[in-house]
Undergrad: 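After the structure tokens below, expect a handful of questions from me.
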Amino acid sequence: MSARWELVVAELVAERGEALVRYATLLTGDEEEARDMVQDALAATFGRLRNGFAVEQAEAYVRRAIANRFLDGARRRQRWRRISPLVVDRERLDSGSTLTGERLDMAARLQRLTPRERACIVLRYDEDRTVDQVAAELGISAGAVKRYLSDALAKLRGMLERERERGERLDGRPRDGREEVR
Amino acid sequence: MTDEQELRRRLREIPGPPAGGLDVDAAVADARRRRRPKTAALAGATGLAAVLAIAPFAAPALLPSSTSTMAERPESDAGAPAPEVAGQESAGQPEEGSGAGDAGTGADGGSVAGACAYRALRADTGIGLRFLDDPADGLASIEIDFPAAGGDLVVEALGIAQVEAGGGPLRIVSAPDASQLAPAVSVREASTGAGGGTVVLDDVPVATDPGVGCGIEAAAVPAPLVLGTSDGRPVTAVGDPWAP
């Protein structure tokens with residue numbers, strides 16, 4: 001017979017597995033890496049949690065584990081980049097202005113933010129957390145969250161602006177209204 | 001439409017990954033492996049508790065009859081096997097003379113009261129301390145977060161306290177007595193000057209003894225229980241709950 005916590009794992013994966021992988025994918029930009037990260041976060045979380053947790057509480061812990069793994073991994077990669085000038089970002093496709101392409105471009109733009117900025121943006125705008133909740137989840141101050149959000153928004157705005165200008169130069173006409181920076 | 005609404009819309013338009021791909025069985029198996037050391041330690045503690053429980057009855061039969069031995073033992077209740085019960089008893093019977101501080105007056109009685117009454121390290125010293133990885137295997141990296149005023153922390157031993165999950169004030173669900181903490185192989189020390197900062201100590205030995213229950217029925221998460229000194233002052237306190 002399965003222990004209570006094992007049933008919670010199964011329920012969590014069945015009900016929220018996709019959302020967890022999506023969350024990790026937005027952070028990492030890589031679906032495979034995201035799945036591994038979620039798998040590892042599940043094992044780590046349930047390797048420590050005692051019984052008595054509902055799915056919602058367990059999900060919060062798993063999400064936190066995902067964020068911690070992502071930021072720890074990013075720190076390690078950052079250290080590596082410092083000593084290895086040959087390491088470059090993975091090549092990403094700029095897929096033009098089709099709807100699907102635009103969605104992919106947004107994911108690519110996210111990847112150009114720093115890990116903490118990206119985590120703040122995803123938690124705040126995709127997961128709809130408050131600034132205080134983001135701060136608690138990432139273990140940083142609310143002030144730092146606001147700063148990361150502000151920096152990230154400015155960067156995203158800049159990226160969109162540059163893309164719009166480039167598009168206008170190439171097309172000789174203004175691009176889709178959604179590309180405009182507000 | 002604002003920047004924020006636009007960003008929210010764009011983020012949500014990013015397609016999710018195709019369904020599937022997570023392996024529940026593998027996650028459960030991996031989690032079981034990580035839980036095993038704790039289970040083994042718990043079994044060990046249960047065995048020890050059983051030995052302690054029968055000792056008052058078995059020992060007199062094995063030892064040569066000695067009135068002094070019998071006289072020293074308080075009129076022990078037959079039902080004192082569980083450490084929690086023993087703790088309650090000794091709280092009302094401070095007859096033993098070895099009481100030094102809040103930890104460990106007798107074989108187990110005072111230690112229970114002590115183990116359940118540790119203070120939060122952050123509240124006590126302003127220093128934050130948390131596990132950076134799963135401590136169940138007896139080794140962990142710890143992060144020490146010093147306040148702006150700076151400070152130092154000497155870690156002489158480290159254990160695991162189970163504390164109530166969900167934030168809020170510290171409530172210890174179970175914890176080992178300080179005397180049960182295996183001393184670290186080598187004393188580890190971290191310090192900062194004014195301005196504070198964060199120091200990470202890698203591969204710190206952690207005693208995995210589950211300790212005794214404190215009578216709190218609540219979901220629990222592990223937090224580091226540190227024995228050492230801070231700014232020269234002895235501390236035995238609980239750090240921040242572990243976030244996996």
Side-chain angles (χ1 to χ4, degrees), chain A residues 2-3 5-6 9-10 12-14 17-22 25-26 31-32 34-35 38-54 57 61-62 64-65 67-68 72 99-100 102-104 106-107 109-110 121-122 124-126 128 136-137 139 153 156-157 178 181-182, chain B residues 1-38 128 130-137 141 143 145 160 162 164-167 173-174 198 217-222 240-244:
Chain A
S2 297
W5 67 268
E6 294 179 21
V9 181
L12 176 61
V13 170
E18 223 172 294
L20 289 171
V21 175
R22 182 176 190 279
T25 306
L26 286 179
E31 218 172 280
E32 273 310 301
R35 280 185 208 286
V38 174
Q39 193 81 32
D40 189 43
L42 282 168
T45 303
F46 285 94
R48 297 302 308 160
L49 287 185
R50 296 280 179 93
N51 282 324
F53 280 87
Q57 292 167 300
Y61 277 102
V62 173
R64 199 157 178 191
N68 284 345
D72 286 349
L99 192 60
T100 306
E102 164 55 24
R103 286 172 180 167
L104 290 175
M106 192 59 212
R109 286 179 201 121
L110 268 186
I121 286 284
V122 171
R124 178 78 182 94
Y125 296 112
D126 192 60
D128 260 341
E137 189 136 346
L153 284 172
L156 288 170
R157 220 177 280 133
R178 283 182 318 169
V181 180
R182 276 163 257 269
Chain B
M1 192 184 287
T2 64
D3 261 356
E4 296 191 353
Q5 286 170 315
E6 178 68 5
L7 178 58
R8 198 168 271 126
R9 182 184 65 74
R10 283 169 187 264
L11 282 173
R12 287 178 181 165
E13 277 183 359
I14 297 174
L22 291 178
D23 185 343
V24 179
D25 293 337
V28 167
D30 199 356
R32 266 202 212 114
R33 270 194 299 277
R34 294 174 194 227
R35 293 167 82 96
R36 194 163 295 147
K38 186 170 60 193
R130 68 182 183 111
F131 289 126
L132 287 181
D133 52 32
D134 191 342
D137 59 0
S141 294
E143 184 184 82
D145 179 25
I160 304 171
Q162 295 292 336
E164 188 177 33
V173 174
S174 68
T198 299
E217 286 296 321
V221 290
D240 302 329
W242 187 62

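A, B, ... follow the sequence lines: proteins, then strands. Residue 1 opens every chain. Reckoned from all heavy atoms, side chains included, excluding hydrogens, waters and symmetry mates.
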Undergrad: Report yes if some heavy atom in the side chain of B/R12 is under 4.5 Å from a heavy atom in the side chain of A/D126; otherwise report no.
TA: yes
Undergrad: Please list, chain by chain and in numerical order, all residues satisfying salt bridge (charged side-chain N to carboxylate O under 4.0 Å, His left out) with A/E31, sequence neighbours excluded.
TA: A/R35
Undergrad: Indicate the atoms forming the closest heavy-atom contact of B/L7 with A/L153, along with that distance.
TA: CD2-CD2, 3.5 Å
Undergrad: Using modelled atom types and a 3.5 Å cut-off, is there a donor and acceptor pairing between side-chain atoms of B/R33 and backbone atoms of A/G47?
TA: no
Undergrad: Working to the nearest 0.5 angstrom, can you tell me the gap between B/E6 CD and A/R157 CZ?
TA: 12.0 Å
Undergrad: What part of A/L12 gets within 4.5 angstrom of chain B, counting heavy atoms only: side chain, backbone, both, or neither?
TA: neither
Undergrad: Just wondering, do A/W5 and B/R32 contact through their side chains at under 4.5 Å, heavy atoms?
TA: yes
Undergrad: Looking at every heavy atom in both B/L11 and A/R22, which two are closest together, and how far apart are they?
TA: O-NH2, 2.8 Å
Undergrad: Mind ranking B/V28, B/D145, B/D240 by heavy-atom pairs under 4.5 Å with chain A and telling me who comes out on top?
TA: B/V28
Undergrad: Quick check: closest heavy atoms across A/A10 and B/V24, and the distance to 0.1 Å?
TA: CA-CG1, 3.8 Å
Undergrad: I need the B/L22 CG to A/L20 CG distance, nearest 0.5 Å.
TA: 7.5 Å
Undergrad: Mind checking the CD-CZ spacing from B/E4 to A/R124? Nearest 0.5 Å is all I need.
TA: 6.0 Å
Undergrad: Check B/D23 against A/Q39 and note the closest heavy-atom contact, atom names and distance.
TA: O-NE2, 2.6 Å
